[in-house]
Asks: 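This is the structure, below, for whatever I ask next.
Order of appearance sets the numbers: ligands from 1, and atoms from 1 within every ligand.
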Amino acid sequence: MITRVVSITDLKKQQDEMREAARLIRLGEVVAFPTETVYGLGADALDAGAVRKIFRAKGRPADNPLIIHIHDTGQWQKLVEEIPDSAYLLAEKFWPGPLTMILNKSGEVPAEVTAGLNTVAVRVPAHPVALSLISLSGVPIAAPSANRSGRPSPTAAQHVLKDMAGRIPLILDGGRTDVGVESTVLDLTKSPPVILRPGGVTVEMLESVIGQVAIHPSVMQPVQKDEAAHSPGMKYVHYAPKAPVVLIRGSLPKQMEYIRTRVSSELEAGKQVGILATDQTIACYDEGIRLSMGDRDKPADLAGNLFARLREFDDLNVDIILAEGVDEKEEGLAVMNRMARAAGFCIIDL
Ligand code: TXA
Ligand code: MG
């Protein structure tokens, strides 16, 4: 299959291109599209056969459920069973935006989408191309991140092409995504609601609207055996570049001292070493291949750059990546969650 990449720079003038993409969705095909978080790999959420194609293209385990993307709350009645008041409050405040709500599913949602669970994940993405694709196709769109399973999520159309060339017919290129990490996943079937995956809508932001939320222990720890069923996505290897990642946590001077020493020993062993640093620290290392995630005092910027930097290390052919830890506040929690998983929880605490 030939994978076409169509750049959408002016939605109004490019209605023909958008209608063609929507036609593919209606025909049960898979189309990659930009959202404000990362690129998604979309198909008609109500067509079980189309949804199976997503799993095949990604190489995704069938027991890891998908998020359904809708264009407004008018579309969720069909998908979910009971909508608590807190869900309406959150939708009002954060949709369109990087918040996914887990609610009880209706009978309309195929088991393929939810991996057999009786809950379903729903969100309204804040990207004009995504919203237009959902409207024009006239169906809710199930979409995981558009990477091959286990790889860093794509924040540019080129990342999607690298992972999906020959596997899907069309990629809509809407430029670099804004948030850079995937949406916050909030389970509203629990009381208090539980964050299963931190993202662009932060704990602080959620609590300002609905009061206390819990953070699932697996956000910063490997999944315990009996927790696997709760959010199936948590148990798999995620976001991994080709080289192993070591995440370093602790005071910044200690982190830097550790990284300097470790770089020297890795170089002596004949390894190419990558350092994932920040603007404040990058000039303080004089060996290794250094990339900055951005200003460590601006966690939203770190989130925006993280996945692209991990993919750059692939192109630089490093043998190991030493990653500085950042504060787990605001978007920093999402950044540390993704880095801990990219490292397969190989974490050095200083
Ligand atoms: O920002 C995003 O959320 C992106 C864009 C494309 O919208 N999508 C995305 O999808 O990150 P994916 O499939 O890569 O991640 C979905 C996560 C997985 O960890 C999955 O296990 C969880 O959401 N999930 C989906 N349905 C669930 C459910 N019913 N219960 C618990 N977790 C669920
Ligand atoms: Mg993903």
Asks: Would you say ligand 1 has an N or O under 3.5 Å from any N or O of T35?
Replies: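 By distance alone, the answer is no.
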Asks: Do I282 and L310 share a hydrophobic cluster (ILVMFWY, side-chain heavy atoms under 4.5 Å, transitive)?
Replies: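 The answer is no; the residues belong to distinct hydrophobic clusters.
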Asks: Examine the proximity of ligand 1 to N64 and report which part, side chain or backbone, both or neither, has a heavy atom under 4.0 Å away.
Replies: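 For N64, the contact with ligand 1 is made by the side chain alone.
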Asks: Between G42, S145, A130, flag the one that comes closest to atom 14 (O) of ligand 1 by a heavy atom.
Replies: S145
Asks: Using heavy-atom distances only, which candidate in R60, E182, R197 approaches atom 15 (O) of ligand 1 most closely?
Replies: R197
Asks: Short check: any N/O/S atom of N147 below 2.8 Å from the Mg ion (ligand 2)?
Replies: no
Asks: Applying the 4.5 Å side-chain criterion to the ILVMFWY set and letting contacts propagate, would I347 and I248 be lumped into a single cluster?
Replies: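 The answer is no; the residues belong to distinct hydrophobic clusters.
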Asks: Suppose I only count heavy atoms of I67 and a 4.0 Å limit; which atoms of ligand 1 are within that range?
Replies: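 Result: 3 (O), 8 (N), 9 (C), 10 (O), 16 (C).
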Asks: Measure the spacing between CD of E266 and CD of E287 and express it to the nearest 0.5 Å.
Replies: 12.0 Å
Asks: List ligand 1 atoms under 4.0 Å from L196, heavy atoms only on the residue side.
Replies: 31 (C), 32 (N)
Asks: Between L79 and F94, is there a shared hydrophobic cluster once you connect ILVMFWY residues whose side-chain heavy atoms come closer than 4.5 Å?
Replies: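 Yes, it is one cluster - the side chains of L79 and F94 are joined through contacts under 4.5 Å.
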Asks: For this output row, return yes or no: ring centroids of W76 and Y88 closer than 6.0 angstrom.
Replies: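 Centroid separation for W76 and Y88: below 6.0 Å.
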Asks: Can you sort out which atoms of ligand 1 are near G40, meaning under 4.0 Å from one of its heavy atoms?
Replies: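 Counting from 1, the qualifying ligand atoms are 6 (C).
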Asks: What atoms of ligand 1 come within less than 4.0 Å of a heavy atom belonging to R123?
Replies: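 This gives 1 (O), 2 (C), 3 (O), 5 (C), 7 (O) as the contact atoms.
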Asks: Using a heavy-atom cut-off of under 4.0 Å, does the side chain or the backbone of T114 touch ligand 1, or both, or neither?
Replies: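 Under 4.0 Å from ligand 1, T114 contributes no heavy atoms.
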Asks: With heavy-atom distances below 4.0 Å as the criterion, list the atoms of ligand 1 near L117.
Replies: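 Atoms satisfying the 4.0 Å criterion: 28 (C), 29 (N), 30 (N).
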Asks: CG/D297 to CD/E330 distance, rounded to the nearest 0.5 angstrom?
Replies: 10.5 Å
Asks: Ignoring angles and geometry beyond distance, decide whether T100 reaches within less than 3.5 Å of ligand 1 through its nitrogen or oxygen atoms.
Replies: no
Asks: Would you check if the distance from the ring center of F33 to the ring center of Y39 is below 6.0 Å?
Replies: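 Aromatic pair excluded; centres sit 6.0 Å or further apart.
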Asks: Count I, L, V, M, F, W, Y as connected when their side-chain heavy atoms are under 4.5 Å apart, and connections chain through other members. Are I289 and V246 then in the same cluster?
Replies: no
Asks: Looking at E182 and R338, is there a salt bridge between them, counting it only when a charged N and a carboxylate O are closer than 4.0 Å?
Replies: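 Yes, charged N to carboxylate O under 4.0 Å.
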Asks: As an exercise, identify every atom of ligand 1 less than 4.0 angstrom from a heavy atom of H69.
Replies: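 So the atoms of ligand 1 that pass are 5 (C), 6 (C), 7 (O).
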Asks: When rounded to the nearest 0.5 angstrom, what is the spacing between NZ in K162 and NE2 in H159?
Replies: 9.0 Å
Asks: Is there a polar contact, in the sense of an N or O pair closer than 3.5 Å, between T37 and ligand 1?
Replies: yes
Asks: Output the list of atoms in ligand 1 that are nearer than 4.0 Å to some heavy atom of T119, sorted by atom number.
Replies: 28 (C), 29 (N), 30 (N)
